Amino acid sequence: MTNKGETVSPDDKLDLSGVLCPINFVKTKLKLEEMEVGQVLEVILDDGEPMKNVPRSVKAEGHKIIGVEKLTDETYKILIRKETD
Amino acid sequence: MEGLKEQLRKESKKAKLDFNELKSGGFIKQTQKDLFTVRLRCPGGKVNAEQMRKAGEIADKFGRGEIHISVRQSIEVPYVSYKDFDAVAESLREIGWAVSSCGPRLRVPTACAGCTYNPNGLTDTQGICAEVDKRYFGIETRHHKFKTSFSGCPIDCFRTREMDLGFQGVLEPKLIEDECNGCELCVKACDEGALKMDGELPVRDWDKCIHCGDCVKVCPVDAMVSNRIGWLARVGGKHGKHPYFSYEIANFLTDDQVYVLIEKTMSWYQENAVGRERIGAAIERLGLERYMNDVVDPLGLEAIRDQKDRRKYYAKGNFYDK
């Protein structure tokens with residue numbers, strides 16, 4: 001799943017549905033810290049504040065969002081590629 | 001008020017007080033006889049640790065060990081006797097510090113953290129605030145107080161709408177269509193509903209965009225980028241018993257344009273206001289067109305002329321007549 005049609009299988013997954021800001025971002029950050037540069041993390045996020053904030057914070061940390069997919073009316077799946085340690 | 005000044009003049013002779021220390025207006029009369037609150041000068045609410053220690057030292061030595069943080073970011077030391085004004089001023093001079101102002105002057109500007117460490121910040125509010133303080137602090141208006149503030153983004157924590165002259169950071173986004181992957185994150189990020197998808201690409205309704213930059217910050221592929229960053233200028237606001245919300249008058253000012261707008265607006269206020277009216281009241285009396293013609297147009301600023309172009313910045317759900 002990426003937006004340009006390539007398929008990437010994630011190296012790790014995190015279901016953050018029901019997790020509020022900024023805990024969802026902190027959990028994402030901690031998980032990324034355990035991973036290697038170049039690996040991909042799949043994160044499930046609620047629509048609304050989480051979708052507004054988490055991708056932006058992940059980007060500000062220097063990582064790359066390589067995919068966004070709507071799962072249901074309330075949840076999204078995003079793919080993050082770890083870019084820096 | 002005149003009586004107080006006269007009394008102080010007499011007393012100051014007895015106490016060998018330099019009356020010049022009072023002119024800046026940083027000593028504010030308290031309810032209690034002979035006691036004043038000393039307002040310290042803290043542009044943008046920024047002080048260093050040495051200044052913090054000094055404020056504490058003054059509170060211990062000349063006050064009652066208390067400090068009050070004012071709504072405009074000043075540190076104030078209450079319960080200081082007027083007989084100690086000289087000693088307080090001397091103590092401040094030791095570290096190159098000074099009292100702030102009150103009265104009919106351009107007040108210390110206030111500011112948020114801005115882009116230096118706030119993730120929402122678009123502009124360097126602290127930098128420009130320090131410069132404005134350096135250039136214009138304490139200028140006499142001949143009429144009433146004159147307040148300025150700087151907010152780094154449209155969340156406007158520093159309430160530029162309630163300032164005589166307020167400046168708020170704005171960002172003009174631009175879409176590089178070839179880079180866009182159609183992920184719709186920018187549409188989700190936009191609180192104003194200014195973006196919607198048209199096929200694979202987001203399209204923008206500029207009548208709704210308030211230039212917050214959220215779409216740029218969220219874009220994962222750097223397709224939505226910043227075309228330019230600047231200041232939105234507002235004039236004529238105040239709080240107090242009868243608050244005024246200001247008018248948006250010009251957009252995307254550079255720092256240098258902010259300085260000239262302050263200078264020209266101050267001259268206009270000095271020349272056109274009557275008595276103790278604030279600039280907002282002068283504009284109400286003379287008409288906004290007059291201010292726009294006299295001040296904004298000659299400076300060649302990107303003027304906001306029509307009320308309809310201001311509407312998108314308005315408060316929502318207030319009680320004013322529409």
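Proteins get letters first, then strands, A, B, ... in listed order; numbering begins at 1 in each. If you're wondering where the values come from, they're calculated on a predicted model, not measured in any experiment.
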Undergrad: Tell me, for V187(B) versus chain A, whether the close heavy atoms (under 4.5 Å) come from the side chain, the backbone, both or neither.
TA: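 For V187(B), neither part sits under 4.5 Å from chain A.
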Undergrad: How many angstroms lie between NZ in K217(B) and NZ in K52(A), if you round to the nearest 0.5 Å?
TA: 10.0 Å
Undergrad: Counting only non-hydrogen atoms closer than 4.5 Å, does C190(B) touch chain A with its backbone (N, CA, C, O), its side chain (CB onward), both, or neither?
TA: neither
Undergrad: Near K312(B) NZ, under 6.0 Å, is it more than 12 heavy atoms from other residues, nucleotides or ligands?
TA: yes
Undergrad: Would one find more than 12 heavy atoms of other residues, nucleotides or ligands at under 6.0 Å from atom CE of M52(B)?
TA: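 No, CE of M52(B) has 12 or fewer neighbouring heavy atoms, counting only those of other groups under 6.0 Å.
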Undergrad: Under a 4.0 Å threshold between the charged nitrogen and the carboxylate oxygen, would D222(B) count as salt-bridged to K59(A)?
TA: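 Salt bridge present between K59(A) and D222(B).
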Undergrad: How about CD on E33(A), more than 12 heavy atoms from neighbouring residues, nucleotides or ligands closer than 6.0 Å, or not?
TA: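 It does: E33(A) CD has more than 12 such atoms within range.
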Undergrad: Are there more than 12 heavy atoms of other residues, nucleotides or ligands under 6.0 Å from atom OH of Y247(B)?
TA: no
Undergrad: In Å, rounded to the nearest 0.5 Å, how long is the span from CD1 of I78(A) to SG of C183(B)?
TA: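 Spacing of CD1 (I78(A)) from SG (C183(B)) equals 10.0 Å.
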Undergrad: Can you tell if the side chain of M51(A) reaches within under 4.5 Å of the side chain of L185(B), non-hydrogen atoms only?
TA: yes
Undergrad: Assess the residue pair D214(B) and R56(A) against the criterion (side-chain contact (heavy atoms from CB on, under 4.5 Å)); give the C-alpha distance rounded to whole Å, side-chain angles, the decisive distance to 0.1 Å, and a yes or no.
TA: CA-CA 9 Å; D214(B) 283 357; R56(A) 168 177 161 176; 3.1 Å; yes
Undergrad: In this structure, are over 12 heavy atoms from other groups packed under 6.0 Å from D306(B) atom CG?
TA: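 Enclosed.
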Undergrad: For chain A, which candidate among C219(B), P119(B), C186(B) shows the most heavy-atom pairs at distances under 4.5 Å?
TA: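 Of the candidates given, the most pairs with chain A belong to C219(B).
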Undergrad: So K188(B) and D47(A), side-chain contact (heavy atoms from CB on, under 4.5 Å) or not? Walk me through it.
TA: CA-CA 8 Å; K188(B) 303 206 94 16; D47(A) 197 6; 2.6 Å; yes
